[in-house]
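Here's the structure we're looking at; comments come further down.
We name chains A, B, ... by the order of the sequence lines, and we start the count at 1 in each one.
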2 protein chains.
Amino acid sequence: MVSFEQFQMEDGSPIYLQIVSFVQRGIVAGTITDGDEMPSRRVLSALIGVNPNTIQKAYRQLEDDGIIESRSGAKSYVTITPASTRTIRGRLLSKETAALVQNMKQMGISMEEAISLVAEAWSEEE
Amino acid sequence: MVSFEQFQMEDGSPIYLQIVSFVQRGIVAGTITDGDEMPSRRVLSALIGVNPNTIQKAYRQLEDDGIIESRSGAKSYVTITPASTRTIRGRLLSKETAALVQNMKQMGISMEEAISLVAEAWSEEE
DNA sequence: TTAACTGTATTATATGCATAGTACGGTTGG
DNA sequence: CCAACCGTACTATGCATATAATACAGTTAA
């Protein structure tokens with residue numbers, strides 16, 4: 001069963017996209033694997049305090065991305081391969097670093113200083 | 001005159017906030033300094049192809065943040081101090097790194113690998 | 001002075017996101 | 001079998017964002 005215990009909203013981005021990203025990061029980390037059972041829309045809704053329609057929107061997105069499979073009436077399951085996992089990993093890592101690098105450059109920060117700031121934040125984070 | 005030549009929309013975040021961030025990063029970089037003249041709402045609207053009301057919303061935000069000053073009928077000017085600049089710098093850098101570090105950790109990426117990815121993206125960026 | 005510009009305000013429309021409530025039919029385990 | 005789930009669909013409301021069109025008063029340079 002895919003766990004959402006560690007999920008928490010904070011971003012300014014749409015909630016349904018935060019859920020999609022959470023699942024994608026779990027896949028990259030290996031904590032979510034092929035065949036894993038997804039919590040039902042209603043259960044996850046109650047667990048994280050988000051409207052069932054919003055959960056459905058996230059699941060629909062995951063379905064469209066080929067990350068989960070749903071059958072009307074039955075539960076939903078994760079359907080990924082080593083290849084699709086590598087694709088997700090590459091896309092997420094690229095997106096994460098690209099934004100930081102671009103903004104750091106616009107602020108006139110050097111690469112050395114940027115790396116130093118990342119290392120510092122890494123230690124401060126809990 | 002504050003230049004928006006380098007500004008380009010891409011983010012999924014609100015346009016007016018992208019404009020605010022663009023100005024803040026320019027201040028941190030030192031390309032935008034105290035007393036600089038802001039382009040008028042209408043001129044910037046035409047320049048970057050965004051509705052004047054959206055520009056006004058961004059300028060209102062900058063005004064509320066104490067970054068610019070406006071007088072009805074006259075032009076708007078940047079009003080920052082070394083102290084406020086340091087505050088903006090610290091807040092932007094912290095926000096930039098915090099999100100990356102948290103997501104990287106959720107993906108099971110090590111600090112060494114994260115730094116390596118940043119360095120790599122730094123070189124690939126143009 | 002005055003024409004051109006400025007900031008500011010208003011109303012209206014459209015879209016995306018999130019919530020609330022309800023409903024229907026498929027699946028499944030006791 | 002059938003009750004308890006499940007996915008799915010629908011209408012309605014509220015809010016933030018973005019656009020469009022218009023208007024008015026203050027400022028400024030020729």
Working for side chain to side chain contact (heavy atoms under 4.5 Å, CB included), residues A:Ile88 and A:Val28: CA-CA 7 Å; A:Ile88 293 170; A:Val28 172; 4.0 Å; yes
For atom [atom1] of [X] and atom [atom2] of [N], their distance in whole Å:
{"X": "B:Arg41", "N": "C:dC5", "atom1": "CZ", "atom2": "P", "result": "17 Å"}
{"X": "A:Glu37", "N": "D:dC5", "atom1": "CD", "atom2": "C1'", "result": "12 Å"}
{"X": "A:Tyr77", "N": "D:dC6", "atom1": "OH", "atom2": "P", "result": "11 Å"}
{"X": "B:Ile19", "N": "D:dA18", "atom1": "CD1", "atom2": "P", "result": "9 Å"}
{"X": "B:Asn51", "N": "C:dT13", "atom1": "CG", "atom2": "P", "result": "16 Å"}
{"X": "B:Gln56", "N": "C:dT6", "atom1": "CD", "atom2": "P", "result": "13 Å"}
{"X": "A:Leu62", "N": "D:dG7", "atom1": "CG", "atom2": "P", "result": "13 Å"}
{"X": "B:Lys75", "N": "D:dG26", "atom1": "NZ", "atom2": "C1'", "result": "15 Å"}

From the options [options], select the nucleotide whose nearest atom is closest to the side chain of [X].
{"X": "B:Ser72", "options": "D:dG7, C:dT27, C:dT8", "answer": "C:dT8"}
{"X": "A:Asn53", "options": "D:dG7, D:dT28, D:dA9", "answer": "D:dA9"}
{"X": "B:Ser76", "options": "C:dA9, D:dT19, C:dG7", "answer": "C:dG7"}
{"X": "B:Lys57", "options": "D:dT17, C:dC17, D:dT27", "answer": "D:dT17"}

Working for side chain to side chain contact (heavy atoms under 4.5 Å, CB included), residues B:Val23 and B:Phe4: CA-CA 9 Å; B:Val23 172; B:Phe4 279 80; 3.8 Å; yes
CD/A:Glu37: more than 12 non-hydrogen atoms of other groups inside 6.0 Å: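 Result for CD/A:Glu37: enclosed.
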Sugar-phosphate, base or nothing in reach of B:Thr54, heavy atoms under 4.0 Å: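 Base contact - B:Thr54 has a heavy atom under 4.0 Å of at least one base atom.
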Sugar-phosphate only, base, or nothing, as touched by B:Tyr16 at under 4.0 Å among non-hydrogen atoms: sugar-phosphate
Side-chain donor-acceptor contact under 3.5 Å, A:Asn103 with B:Glu96: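 Yes, side-chain donor-acceptor contact under 3.5 Å.
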First encountered from the 5' end of DNA chain D, between B:Pro52 and A:Glu63: A:Glu63
Side-chain donor/acceptor of B:Arg42 to base of C:dG7, under 3.5 Å: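 Answer yes: a donor N or O sits under 3.5 Å from an acceptor.
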A:Thr97 side chain to A:Leu93 backbone, donor-acceptor under 3.5 Å: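 Between the backbone of A:Leu93 and the side chain of A:Thr97 there is a qualifying donor-acceptor contact (under 3.5 Å).
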A:Arg71 vs C:dG25: side-chain N/O to OP1/OP2 distance below 4.0 Å: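 Result: no.
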Of B:Tyr59 and A:Ile15, the one whose closest DNA chain C nucleotide lies more 5': B:Tyr59
